[in-house]
Amino acid sequence: MALCQRHDVAIGAHPSYDDRAGFGRHDMDVSTEAISALVTTQVAALADVCTATGARLRHVKPHGALYNRAARDPAVAIAIATAVHAFDPQLILYGLSDSCLTAAGTAVGLRVAHEVFAERRYDADGRLAARGTPGAVIETQEDALAQVRSLIEDGVVIARDGTRVRLRADTLCLHGDRPDAAAFARSLRRELEAASADIRAPGSA
């Protein structure tokens, strides 16, 4: 929190399934009521830390398997969006671009950020290729930066089957658990600056 405040970084909650062992990346068969409770509990926990440190909670982005389920499952998407809105209607809901989650957020009156990914491959339907699928993760910085350039210049990504998929891009995700995450972030920022991209958190002035 202190580092975020020092460097003017927007703070967001990243709620997931109760799946510590699998880092939240295992899909789980739980009710929408349970999902609402998970989201509320986890967002509230981070909000409490924000209050204690004088920071501001700005957004919510579901994590891992819950994020992917919400992208394609309208009931789960509504459960998440409703929980976020009930907790704080000023929060911005991050979701996969043009997905069930961004639609649900808009429907309940939240501001939404359509998210695209720097180093994940897409399928032709605009969804992320499932982890474990060959090529689902873009390993090299060069290939990931090429995907970002395509998003900036043309608003499209090239799916695994070669299809050009048009995507709305409000915010860009880079995974922090990559071994080269810090170096990649620096390269990515240079690429965005060279393209005169607007580098700021959604909703900021």
Side-chain angles (χ1 to χ4, degrees), residues 12 14-17 19 22-30 32 35 59-81 92-108 110-181 184-185 187-188 191-192 194-195 197-198 202:
H14 205 29
S16 77
Y17 288 122
D19 175 35
F23 197 59
R25 288 178 173 161
H26 296 150
D27 201 8
M28 303 179 74
D29 185 16
V30 297
T32 54
I35 288 170
H59 60 268
V60 175
K61 173 190 168 179
H63 166 69
L66 182 59
Y67 179 95
N68 289 324
R69 170 64 73 90
R72 65 180 187 274
D73 187 326
V76 170
I78 284 291
I80 292 170
I92 301 172
L93 180 62
Y94 283 37
L96 185 67
S97 181
D98 296 317
S99 68
C100 290
L101 185 56
T102 51
T106 299
V108 302
L110 289 169
R111 291 179 294 168
V112 300
H114 291 254
E115 184 175 48
V116 293
F117 286 72
E119 22 75 282
R120 290 290 309 280
R121 290 289 184 202
Y122 286 81
D123 287 328
D125 62 0
R127 302 293 180 254
L128 296 175
R131 284 184 179 272
T133 303
V137 176
I138 301 175
E139 300 293 348
T140 70
Q141 291 189 28
E142 292 77 10
D143 287 346
L145 290 172
Q147 178 158 290
V148 172
R149 280 193 294 272
S150 178
L151 283 163
I152 293 171
E153 295 170 2
D154 302 322
V156 301
V157 292
I158 308 302
R160 291 189 304 136
D161 66 356
T163 302
R164 288 172 57 87
V165 181
R166 184 163 297 279
L167 296 173
R168 174 175 169 179
D170 298 327
T171 185
L172 180 67
C173 178
L174 165 62
H175 285 88
D177 57 343
R178 290 175 62 96
D180 63 344
F184 186 19
S187 297
L188 184 58
E191 189 74 25
L192 293 170
D198 188 10

### Query
With side chains defined as the heavy atoms from C-beta onward, is the minimum distance between Arg120 and Gln147 less than 4.5 Å?
no

### Task
Evaluate the side-chain contact (heavy atoms from CB on, under 4.5 Å) criterion for residues Leu110 and Val60: first the C-alpha distance (whole Å), next the side-chain angles of each, then the deciding distance (0.1 Å), finally the verdict.
CA-CA 11 Å; Leu110 289 169; Val60 175; over 6 Å; no

### Task
Please work out whether the ring planes of His59 and Tyr94 are parallel, tilted or perpendicular, with thresholds of 30° and 60°.
parallel

### Task
Measure the spacing between CG of Leu128 and OG of Ser97 and express it to the nearest 0.5 Å.
10.5 Å

### Heavy atoms from other residues, nucleotides or ligands near CG of Asp177 exceed 12 (cutoff 6.0 Å)
yes

### Minimum heavy-atom distance His63-Phe23, with the two atoms named
NE2-O, 2.7 Å

### Query
Among pairs that include at least one residue of residues 139-151, which meet salt bridge (Lys or Arg N to Asp or Glu O under 4.0 Å), considering only residues two or more places apart or in two chains?
Arg149-Glu191

### Message
So, taking the atom named CZ in Arg72 and the one named CZ in Arg127, what distance separates them when rounded to the nearest 0.5 Å?
### Response
9.5 Å

### Pairs where residues 150-165 contributes a residue and the test side-chain hydrogen bond (donor to acceptor under 3.5 Å, both in side chains) is met, not counting sequence neighbours
Asp123-Arg160, Asp161-Thr163

### Task
Please step through side-chain contact (heavy atoms from CB on, under 4.5 Å) for the pair Ser16 and Arg25, ending with a clear verdict.
CA-CA 9 Å; Ser16 77; Arg25 288 178 173 161; over 6 Å; no

### Over all atoms of both residues, closest heavy-atom pair of Ala77 and Cys100
CB-O, 3.5 Å

### Message
Would you compute the distance between atom CG of Asp19 and atom CE of Met28 and round it to the nearest 0.5 angstrom?
### Response
5.5 Å

### Task
Please step through side-chain contact (heavy atoms from CB on, under 4.5 Å) for the pair Val116 and Val157, ending with a clear verdict.
CA-CA 9 Å; Val116 293; Val157 292; 6.0 Å; no

### CA sep, side-chain torsions, deciding dist, call: Val76, Leu101, side-chain contact (heavy atoms from CB on, under 4.5 Å)
CA-CA 8 Å; Val76 170; Leu101 185 56; over 6 Å; no

## Note on the structure
In this structure, CG of Asp73 is separated from CG of Asn68 (nearest 0.5 Å) by 12.0 Å

### Query
Considering all heavy atoms of both residues, which atom of Thr171 and which atom of Ala113 are nearest to each other, and what is their separation?
CG2-CB, 4.0 Å

### Atom pair CZ (Arg166) and CG (Leu151), whose distance is rounded to the nearest 0.5 Å
10.5 Å

## Note on the structure
In this structure, CD1 of Ile80 is separated from CG of Leu93 (nearest 0.5 Å) by 7.5 Å

### Heavy-atom closest contact (Leu172 atom, Ala118 atom, distance)
CD1-N, 3.7 Å

### Query
Do you know the tightest heavy-atom contact between Ala71 and Leu96?
CB-CD2, 3.9 Å

### Query
Considering only heavy atoms from C-beta outward, does the side chain of Leu188 approach that of Leu145 to under 4.5 Å?
yes

### Query
Is the shortest side-chain N to carboxylate O distance from Arg111 to Asp170 below 4.0 Å?
no

### Task
For Phe117, enumerate each residue passing the ring pair (Phe, Tyr, Trp, His ring centres under 6.0 Å) test, keeping only those at least two apart in sequence or located in another chain.
Tyr67, His175

### Query
What's the shortest heavy-atom distance between Asp98 and Arg168, and which atoms?
OD2-N, 3.6 Å

